[in-house]
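What follows is a set of notes on a single structure, which appears directly below.
First the proteins, then the strands, lettered A, B, ... as listed; each starts at 1. Bear in mind that the values here come from a model prediction, so they are computed numbers and not experimental data.
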Amino acid sequence: MVNRTPVIAVIGAGIAGLEAARQLSGLGYEPVLIEKAPAVGGHVAEWNRLFPDMAPAADLLQSLEAGTSGIRTHVDTEIASLGRLKDGYSLILSNGETLLCDAVLFATGFHLFDASRKEEYGYGIYDRVITNRDLEQWFNTRHDPRVGKPKAVGFVHCVGSRDVKAGNKQCSKVCCITAIKEAIEIKEEFPDAEVYCFYMDLRLFGKKYEDFYIRAQRDLGIHFIRGRVSEVGEAIDGRVVVKAEDTLSGKPVKVTLDLLVLMAGIVCNPDAQHYARELGVAVDEDGFLKSRDNLGAVIESSRPGVFFAGACTGAKTVPETLAEARSAALAIHQYFNKRR
Amino acid sequence: MMDFGFKLSPSSAVNLDTVDRARYDRLVQLVPDARTCIDCGSCSATCTAAPWSGMSVRKVLLGLQRGRDDEVDAMLSKCMLCGKCTMVCPRGINTRQLILTLCRLDRKGEVVR
Ligand SMILES: Cc1cc2nc3c(=O)[nH]c(=O)nc-3n(C[C@H](O)[C@H](O)[C@H](O)COP(=O)(O)OP(=O)(O)OC[C@H]3O[C@@H](n4cnc5c(N)ncnc54)[C@H](O)[C@@H]3O)c2cc1C
Ligand code: SF4
Ligand code: SF4
Ligand code: SF4
């Protein structure tokens with residue numbers, strides 16, 4: 001290896017990319033952030049308050065951005081092509097620049113499932129049906145005529161997740177807790193509203209998540225109905241009629257709502273698959289990037305010199321993503337130490 | 001009435017727009033923990049009366065929220081107040097107290113006893 005500071009291409013400047021770049025720069029390397037969107041921050045930039053402490057997403061991003069202020073960052077930039085060299089990689093960027101680097105870190109994150117693909121739920125057809133993303137945006141901007149002043153609100157879990165027909169058999173992991181968080185926020189905003197969550201299983205694995213559930217039940221009287229929404233229709237007054245089976249009593253249930261929020265799931269980012277193929281890196285059967293192993297080497301790809309951080313390998317929470325970003329930076333450090 | 005050899009069964013569907021939850025709403029004012037039931041079924045599994053009477057605290061709570069008052073009252077009448085269900089509830093609900101409270105409420109949720 002040449003005697004210069006190793007350059008690491010970090011693809012994606014969501015929280016994974018930002019945190020990894022900050023750590024790499026602290027370890028004495030030269031990370032270069034390549035972000036497709038006009039601004040950094042990824043999905044977290046679209047959210048309002050984050051579970052489990054309800055901290056503003058903007059605060060987290062502010063501190064991550066402050067930590068990466070000196071780092072070379074290309075926004076609004078895509079990768080036109082990626083090539084393997086003898087001792088590194090060459091990336092041709094959409095701005096015409098060529099970037100030669102010694103390692104590549106994928107921080108390309110996830111895509112939110114396109115809820116209009118589940119036509120039976122009426123997203124994009126009925127005015128009162130929105131997604132988790134739309135609701136977070138409403139909390140940020142307070143501009144969305146679809147929200148109004150609802151008296152009855154429903155949340156549909158597992159939209160596009162745990163659904164072979166939608167091509168995603170995996171669980172998105174964060175949408176149960178997000179649904180409960182958003183249901184609580186809606187109930188606090190509109191205390192007179194009846195709020196219903198339609199779930200198949202409640203998967204509340206993380207620290208303090210069960211507390212959200214108990215609070216939603218006991219303090220706010222949010223109704224939890226175990227059954228997958230089968231179809232949504234529009235009533236003559238523009239409200240939506242939701243049908244499901246209450247599988248605990250074995251009876252069909254029906255309810256008319258002013259607002260229905262679909263918990264769109266976390267699915268793979270096709271860009272990452274494309275780059276992975278160009279670099280000869282394995283993709284898993286769920287479409288996410290495939291870790292060298294799922295216990296001890298989640299942040300390593302099947303190729304030395306190519307690393308992963310965050311939701312590019314599967315659904316992750318913010319703390320998990322940040323921890324992976326740090327561990328990827330350390331793994332890259334060890335990789336260069338061995339080569340020296 | 002003429003017998004045509006068939007009959008119409010009433011729909012078993014639950015309409016959550018119209019279901020009357022007055023008794024449940026009153027119960028949870030008096031025993032707020034009742035709302036935290038997770039339908040685990042421990043109470044019914046351990047219940048001394050369940051095997052021959054169908055008593056189930058879980059089903060009582062669910063029935064109250066789905067307007068199934070007849071079934072709820074039939075179950076309540078079978079309880080022996082032994083308190084085993086309270087000992088097993090993972091949410092720490094005082095189910096015996098819940099049953100006693102419920103027995104004092106009429107269908108409109110008024111305290112009558
Ligand atoms: C509705 C919802 C609410 C959530 N709320 C919380 C919460 O409250 N608390 C919590 O802990 N977690 C929450 N999460 C999870 C959280 O969003 C993720 O943990 C986090 O976004 C993962 O960060 P990431 O950087 O790995 O991916 P992303 O946020 O997806 O960022 C990836 C970045 O890479 C860029 N990129 C993608 N492809 C390319 C390309 N080809 N070239 C260049 N750049 C590219 C993207 O533009 C993006 O900026 C929530 C998730 C959802 C769906
Ligand atoms: S986290 Fe919950 S809502 Fe999301 S896919 Fe898994 S079970 Fe469904
Ligand atoms: S108190 Fe009643 S419901 Fe509870 S276990 Fe005893 S008989 Fe069953
Ligand atoms: S044991 Fe408690 S939580 Fe479980 S079903 Fe009975 S009342 Fe509900």
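Comment: A/R218 engages B/D33 in a salt bridge, judged by a side-chain N to carboxylate O separation of less than 4.0 angstrom.
Here the closest heavy-atom approach between residue A/I225 and residue B/R66 is recorded as CG1-NH2, 3.8 Å. The two residues A/L248 and B/R58 make their nearest non-hydrogen contact at O-NH1, 3.7 Å.
Heavy-atom neighbours of chain B within the stretch residues 182-213 of chain A, taken at a separation under 4.5 angstrom, comprise A/E194, A/Y196, A/E210, A/Y213. Interface with chain A: from residues 71-99 of chain B, residues B/R91 qualify, criterion being any non-hydrogen pair under 4.5 Å. Listed by sequence position, B/D17, B/R21 are the residues of residues 17-24 of chain B in contact with chain A, using a 4.5 angstrom heavy-atom cutoff.
Environment of NZ in A/K243: sparse, with no more than 12 heavy atoms of neighbouring residues, nucleotides or ligands closer than 6.0 Å. A 6.0 Å sphere centred on CG of A/D127 holds no more than 12 heavy atoms belonging to other residues, nucleotides or ligands.
One finds the NZ atom of B/K59 at 10.0 Å from the OG atom of A/S249 (value rounded to the nearest 0.5 Å).
Looking at heavy atoms from C-beta onward, B/L62 lies in side-chain contact with A/D246 at the 4.5 angstrom threshold.
Contact count versus chain A (heavy atoms, under 4.5 Å) is highest, among B/N15, B/T36, B/D39, for B/T36. Contact count against chain A (heavy-atom pairs under 4.5 Å) is highest for B/L16 among B/V28, B/D25, B/L16.
For A/R228, the salt bridge (Lys or Arg N to Asp or Glu O under 4.0 Å) partners at least two apart in sequence or on another chain are A/D163.
With a 4.5 Å cut-off on non-hydrogen atoms, A/D219 touches chain B through its backbone but not through its side chain.
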